[in-house]
Every structure is written in C-alpha cells, then in structure tokens.
Amino acid sequence: MKKIVFATNNAHKLSEVRAILAPDYEIISLAELNCFDDIPETANTLEGNALLKANYIFEKFGCDCFADDTGLEVEALNGEPGVYSARYAGEANDAKANMKKLLHNLGNNTNREACFRTVIALILGGKQQFFEGRIDGHISFEPQGTAGFGYDPIFIPNGYKQSFAELGTDEKNKISHRALAVKKLVDNLCN
C-alpha cells in the first residue's frame, strides 16, 4: 500500500478522502506526521491555498503530499464566499454562522445557482500538479439534513432533491466536488 500525506487538519475531509482512496493508498494525516502547525491559507485563489499547504509540508518534511482547498461559489453573490468559504462569517470557522450569513446575504433572491469547487495540489517527487473537481447545484432556502459538514445542509446538487447533508456519505462521495478532484488525483497516481 502506498503512503501519501494529506495536508489537512479537517477530520471530515480526511475521512472522506480515506474512504475514496482506500484500499490503494494509506493517507497520512498531519497529526500522524506530528505536524500541528497552523499552515497559512493567505492566497486569494483555491489553487494558491492548496499549493501553499502542499509546499509547506513538502519543504518541512520532504515527503510526497497533497492538499486541497474548497470553495462554495454562489452566482448571485458574485462567487462568494469562494476562497473565504470556511471563514465567511469570521475567523472562528463556524459552519452554522457561515450558512446563516450566506442565506441572509442571498435573501429571497430567486437565482440560487451555486457550485462547489475543490482544487488539489499534489507534490510528488518534487513536481507539482493540480486537479479540480466541480459540482453544480443550488442553495436551498433553509438547511436540510444533519449529515455532512460545512455548507452541506444548504447545497442541493443538480439532479437531486436532497441536500448533501441528506444524501449520506456513500452517495456524496460518488458525486461531490472533492470526490471528482480525488478521482483525477487517483487516476494520475495510478498511471
């Protein structure tokens, strides 16, 4: 089994990616690497933040790794919250506060089109590559479901009537932005 570091402290993301990559890869978390640093995410793009995190781990530990950044982009809000999705309502990274702010800013707007985008930066043998996954959908008027994390209770993917929070982990991991980006990563790693 091949080992690779996933540069994240987000237990939800780690669990999702482990489920997608099993059994081909053993995903090493930052905690398992004994890295408890607060890696800065100061870029103004998803690509930039993913690369900052991957570079940090590669330079400090010298191991193959990947990092991701994900953003919810709402058409009527000119792409907000985008790169600031995790901190949309402040530095506390509070998912409920983020959803509340987004729903407030969107109000009764009938254009509720949105997409989730995940960008993965991979550093393998010192070479950098990017992989992107995107899923289109719309924002509900109120949270639906209790599973998932982040904006999952208010994001309904196209072709579904349920939010990500109602679909369950198995279904979400087949269609999500992160799953699509990880599939591209895996296809690259296996070729």
Side-chain angles (χ1 to χ4, degrees), residues 1-73 81-88 91 93 95 115-136 147-152 155 157 164 167-191:
M1 183 184 301
K2 298 174 187 170
K3 294 183 180 184
I4 192 165
V5 174
F6 183 15
T8 187
N9 287 312
N10 185 318
H12 296 291
K13 285 184 182 183
L14 187 61
S15 151
E16 273 188 11
V17 169
R18 280 183 168 156
I20 294 166
L21 285 176
D24 300 319
Y25 286 87
E26 179 182 353
I27 305 302
I28 308 300
S29 70
L30 290 179
E32 292 163 332
L33 195 62
N34 288 317
C35 178
F36 300 98
D37 304 351
D38 186 19
I39 303 172
E41 295 182 48
T42 55
N44 59 4
T45 65
L46 299 175
E47 294 82 359
N49 277 340
L51 187 58
L52 279 172
K53 292 184 277 189
N55 273 334
Y56 185 91
I57 296 305
F58 183 75
E59 289 169 9
K60 184 166 183 173
F61 297 96
C63 48
D64 293 335
C65 63
F66 66 95
D68 81 319
D69 200 22
T70 295
L72 174 65
E73 299 170 352
V83 72
Y84 304 106
S85 292
R87 300 171 303 282
Y88 193 48
E91 290 302 315
N93 194 358
C115 74
F116 261 124
R117 281 195 323 122
T118 291
V119 176
I120 294 174
L122 169 70
I123 300 179
L124 192 62
K127 295 181 182 171
Q128 300 172 358
Q129 288 181 277
F130 291 95
F131 307 92
E132 181 177 328
R134 173 188 171 127
I135 185 163
D136 294 307
F149 64 100
Y151 295 93
D152 286 357
F155 183 80
F164 267 171
L167 287 179
T169 304
D170 290 343
E171 185 64 21
K172 180 185 171 190
N173 282 348
K174 291 177 188 170
I175 65 167
S176 79
H177 46 293
R178 188 168 294 107
L180 296 172
V182 169
K183 182 179 182 334
K184 291 177 183 177
L185 170 71
V186 170
D187 289 348
N188 180 273
L189 290 172
C190 294
N191 290 326

>> Using a strict threshold of under 4.0 Å (side-chain N to carboxylate O), is an ion pair present between K174 and D170?
In response: no
>> Using the rule given for side-chain contact (heavy atoms from CB on, under 4.5 Å), can you reason through L72 versus F155, listing the C-alpha separation, both sets of side-chain angles and the distance that settles it, and then say yes or no?
In response: CA-CA 9 Å; L72 174 65; F155 183 80; 3.9 Å; yes
> With a 4.5 Å limit on heavy-atom distance, are the side chains of S29 and R18 in contact?
Replying inline: yes
> How about F66 and V17: do any of their side-chain heavy atoms sit closer than 4.5 Å?
Replying inline: yes
> Can you find a pair of side-chain heavy atoms, one from L180 and one from T118, that are under 4.5 Å apart?
Replying inline: no
>> Can you confirm whether V119 sits close enough to D69 that some side-chain heavy atom of one is under 4.5 Å from a side-chain heavy atom of the other?
In response: no
> With side chains defined as the heavy atoms from C-beta onward, is the minimum distance between I4 and I27 less than 4.5 Å?
Replying inline: yes
> Roughly how far, to the nearest 0.5 Å, is CZ of F131 from NZ of K183?
Replying inline: 12.0 Å
>> Is there a side-chain contact between F164 and I175 in this structure, where contact means two heavy atoms from C-beta onward sitting under 4.5 Å apart?
In response: yes
> Can any side-chain N or O of K53 pair as donor or acceptor with the backbone N or O of E41 at less than 3.5 Å?
Replying inline: no
> So how far is it from L51 CG to Y56 OH, rounded to the nearest 0.5 Å?
Replying inline: 15.0 Å
>> Restricting to side-chain contact (heavy atoms from CB on, under 4.5 Å), what partner residues turn up for A54, sequence neighbours left out?
In response: C65, A67, A121, I123
> Does the side chain of L33 come within less than 4.5 Å of I57's, by heavy atoms?
Replying inline: yes
> How many angstroms lie between CD in E73 and CZ in R134, if you round to the nearest 0.5 Å?
Replying inline: 7.0 Å
> Does N49 use its side chain to pair, donor to acceptor, with the backbone of T42 at less than 3.5 Å?
Replying inline: yes
> Taking all non-hydrogen atoms of both residues, which atom of C35 and which atom of N9 are closest, and how far apart?
Replying inline: O-OD1, 4.4 Å
> From K184 NZ over to L122 CG, what is the distance, rounded to the nearest 0.5 angstrom?
Replying inline: 14.0 Å
> Just by distance, do the side chain of T8 and the backbone of L14 share a donor-acceptor pair under 3.5 Å?
Replying inline: no
> Looking at residues at least two apart in the chain, or sitting in another chain, which of them share a ring-ring contact (aromatic ring centres under 6.0 Å, His included) with F149?
Replying inline: H12
> Which atom pair, heavy atoms only, marks the closest approach of P157 to L167?
Replying inline: CG-CD1, 4.0 Å
> Looking only at heavy atoms, which two atoms of D152 and A147 are closest? And how far apart?
Replying inline: CB-O, 4.3 Å
> Do L46 and E132 have side-chain heavy atoms sitting under 4.5 Å apart?
Replying inline: no
>> Which heavy atom of A181 sits nearest to which heavy atom of G133, and what is that distance?
In response: CB-N, 3.5 Å
> In Å and rounded to the nearest 0.5 Å, what is the NZ to OG1 distance from K13 to T70?
Replying inline: 4.5 Å
> How long is the span from the CZ atom in F58 to the CD atom in Q128, to the nearest 0.5 Å?
Replying inline: 9.0 Å
> So does K60 pair up with D37, basic N to acidic O under 4.0 Å?
Replying inline: yes
> What closest approach, in Å, do L30 and I39 show between heavy atoms, and which atom pair accounts for it?
Replying inline: CD1-CD1, 4.0 Å
